[in-house]
Structures are given as structure tokens and as C-alpha cells.
Amino acid sequence: MGTRSWAALTLAALIVAVIVVAIIRVPWTSPPAPRADQLAALGDLPADAVARGREFHAALRPGAYGGLVLGLIIALILGLTPLGARIVALMGGNWWLRVLVGGFVIVLIGEVIALPLAAWRETVLRRYGLSTQTWSTWTVDLLKGYAVAAVIGAIALLGFFGVARLAPRWWWAWVAAGAAGLVVLFSFVFPVLVEPIFNRFTPMEAGPLRSSLIALAERDGVPVRDVLVADASRRTTALNAYVSGLGPTRRIVVYDTLVRDAPPAEVEAVVAHELGHAKDADVLTGTLIGALGAAAAVCVVFLVGSWTGLLRRAGVDSVTDPRAIALLLALATLAGLASAPIQNAVSRRIEARADAHALELTQDPSSVETMEQRLATTNLADVDPPRLEYVMFASHPSVVERMAAARAFARGER
Ligand SMILES: [Zn+2]
């Protein structure tokens, strides 16, 4: 059997593994609450808040879709014409110089062209009172983001092209294993290496709220050393919380805005949702799917690498030539777009399970529902987004779905 057959076989095995993980670890059997209940919830929300959320999202939409289309066009022009290869070739003859500087320039082109849209988005956030940033803190955030992406991108690209030089026939196997390993490592170190670049995290100060949250976690059988408070208010007025990290780096983080603006019972409802994520090891599920997906993507790149028509379009002889960076980025952009609805479908089911967990743990559906309403109103959510947008981009169930689920629980139906 040749390397191509092995790569195809490995790809098939990885796809099966992703499907098995998704079947075992994602709750597919509990559908969203009936549409009639969702519409009832929608009717009970304050009409002006619903209208304001819709208006806000309508204002964001042109920039969001414009950015998506623009990003795709730039990626395709650079990757599927010889333009990208020519730009990388300008960076001298050294392979690693081509990889580092060439990769940087190719990504930078897209970023610079998208920059006005990002700035415009920030003006919308400010107009609606959601952003608390100045242009200088916004710029610092942007540059920090670029720096983090540059480091991660450099590791990934140097790894890919370096290994391809060392193992011309079997590089895909090593790179696939390395990519999967990097995803796991990244999940693990993200909360301690990357998150502190953007926010300060302080353990919640002692008091009745902290005690009640720790007690809630204990009742849930999820040992939590601390609840961390992020200084999100330096950026936004939005309310949120999340779980990140694996094993020793796992933490529950709440925004300072939530602690400041929401009553304790609602903070408890939010933390109960996050405890659901911790209990079901949802970060691990996401990491597993991400790692297997990354390895599968490497196999695809290897197999696509023998498609001479495509290589000719991109003006390269091989995908392992650093001049193929733009082609690889175009493929990654397409894969990201194509897989978004699947990733979001998985995410929505996992989020619905965490919601169900919060209801089960707190036995307080009315606080869960008022919390959903507060988050929706403060964060200017589109409480019942257009169907296509929901399927493509929603990582969470809609607000009306979440409220309907709380009401079904209150009626004893779940
Ligand atoms: Zn969640």
C-alpha cells in the first residue's frame, strides 16, 4: 500500500472517530422546546428590548457578511491564483524565511483589508452602548490578537513545512499527529498563557455570593477551587461566563459585569450552567473533536496535494512548498465555512444540555428565565434570529428556545 492509500485510510478512520465522539458525547436526543412555547416566550419579552436587539443585529449584519465574503474572496484570489505564491517568493530563498515572513504577509493582507470593517463594527457597538473601549484600548487589543495569532501561526507553519522537508513521503502522518497534539496542548494552556494577555482574572472575593457558588459546585459534585472574575468591563457592558482549560487548568470564569449587575440568584443560574459544562467535560469533547478534525485536515491537504490542476492554479509544484501557504489558507478558509454549521449544531446541543443542568441543579426555573432575559436585554441579543443565520452561526440555542426550555422544566415536562 502506498502513502496515498494510507493517508486515505487514515482520513476515513479519523472521520469515523469524529462521528463516534460526536455520537457518544453530544446529546442529540433532546430536541428544542416546541415552537409554540418559544413564540409564547417571545410574546412575554419586553417588546422594546426585542426590537432593540433586532435593530442592533441588523446594524451589524452588513459588516459581518461583508467581512465574510471579503475574507473569502481575498483568500481565494491569493490561494487559487499564482499571486499568493509570487508574494511568498519575494521573501528570499530561505525556506523558513519564506514560511515566517511570507505567511505573515499573506495573513496581513487579509487583515489590513478587513480592518475598516472591524473598526466599523466597533462604532456600532459604541453606538448601542455595548463597548466600553477607547480607540487606544481597542487598538491594543487588536495588536495583542495579531501577536497571539502570529505566534500560533508561526508554530503551525514552521512545524508543517519543517516536517515536510524532513519526511518527504510520510510528513502527513507526523504533521497530523502534531496538529492533534497542538490542539490538545492549546486547550490546556489557553487559560494560563493566552487569556491573561487580554484580561485580568481575580478570585471572587469572600462573601455570601462566593460561598453560595462554591456550595452549589459542591452539591453538584464538581470540585471548584475558585470562581474567577474577569475584568470584562474594560471592554464591554455585556454579561457572560465560561469554562475553559483541561484538568489542572480548568476554571470557571464570570464577567465582573455579571457580578456587578445581576442579582445573586441569577449569577448562581449562570454558574450552574457553567458547572454543567464542567461536569460533562464539554471542553474535552470540543478538544477531542478539534484534535481529530485537525489531523483529518492534514490528511486532506496531503491528498489534495496530488491534484495537479489545483497546484497549477496556485502556481506551485507541491503543497509542501512554502509558496503554497496562500493555497493552504484558502483551503482552511473554505473548510472553516463549510464546517461552521456542523460545529455550531454540536455546540447548540451541548449548550442546551448545560441549560438543562442549570435547571436541574438550581431547581429554580424562574431565576434561570429572568437570567436569560437579563442577558438578552443587556447583551442586545437577537432573541429569535433568522433561521439561516441560526443554522449557520448560532453557537447557543436562541433566547426564546432557552426560555421555553425553562418553562417546560417549570411545568415538570423535562
Ligand atoms: Zn455554555
Side-chain angles (χ1 to χ4, degrees), residues 21-22 25-28 30-33 187 190-191 195 199 201 204 213 216-217 220-222 224 227-230 232 236 238-246 249-259 261-262 265-290 340-362 364-365 367-383 385 390-391 393-406 408-409 414:
V21 169
R25 298 193 57 101
V26 180
W28 295 105
S30 49
S187 262
F190 190 76
E195 287 179 13
N199 279 101
F201 299 89
M204 184 177 280
L213 296 178
L216 188 74
D220 201 16
V222 180
V224 170
V227 176
L228 295 178
V229 180
T236 181
L239 313 175
N240 212 344
Y242 63 91
V243 177
S244 65
L246 288 172
T249 67
R250 188 178 75 189
R251 72 255 333 267
I252 291 180
V253 176
V254 294
Y255 279 19
D256 56 353
T257 46
L258 183 76
V259 180
D261 299 341
E266 293 179 26
V267 179
E268 273 190 47
V270 171
V271 169
H273 169 104
E274 303 307 332
L275 287 169
H277 285 313
K279 193 160 186 170
D280 288 312
D282 291 336
V283 175
L284 180 64
T285 302
T287 304
L288 276 176
I289 293 177
I342 304 167
Q343 288 187 31
N344 284 323
V346 167
S347 172
R348 285 194 298 272
R349 285 311 179 95
I350 284 175
E351 293 297 338
R353 173 170 63 191
D355 281 347
H357 183 85
L359 290 163
E360 205 54 64
L361 179 61
T362 60
D364 185 2
S367 288
V368 169
E369 189 178 329
T370 45
M371 175 272 285
E372 293 294 352
Q373 292 197 22
R374 181 183 305 276
L375 259 64
T377 309
T378 311
N379 300 358
L380 300 179
D382 192 348
V383 294
Y390 175 86
V391 169
F393 305 114
S395 60
H396 287 63
S398 70
V399 172
V400 295
E401 283 178 339
R402 303 176 88 170
M403 286 171 64
F409 180 86
R414 299 198 173 210

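A quick note: this is a predicted structure, and the numbers were derived from the prediction, not measured. As the structure lists them, so they are numbered: ligands from 1, and atoms in each ligand from 1.
Backbone or side-chain N, O or S atoms of E274 do not reach the Zn ion (ligand 1) at under 2.8 Å. When distances to the Zn ion (ligand 1) are checked against a cut-off of 2.8 Å, H273 contributes an N, O or S atom below that limit.
Note on E351: its N/O/S atom closest to the Zn ion (ligand 1) is OE1.
Screening E351, H357, R353 for a side-chain hydrogen bond (donor to acceptor under 3.5 Å, both in side chains) with H277, the sole residue that qualifies is E351. Checking V271, L375, V229, T378 one by one against L258, the side chain to side chain contact (heavy atoms under 4.5 Å, CB included) holds for a single residue, L375.
Salt bridge status for D280 with R25: absent, with no side-chain N to carboxylate O gap under 4.0 Å.
Ring orientation note: the planes of Y255 and Y242 are nearly perpendicular, at an angle over 60° on the 30°/60° scale.
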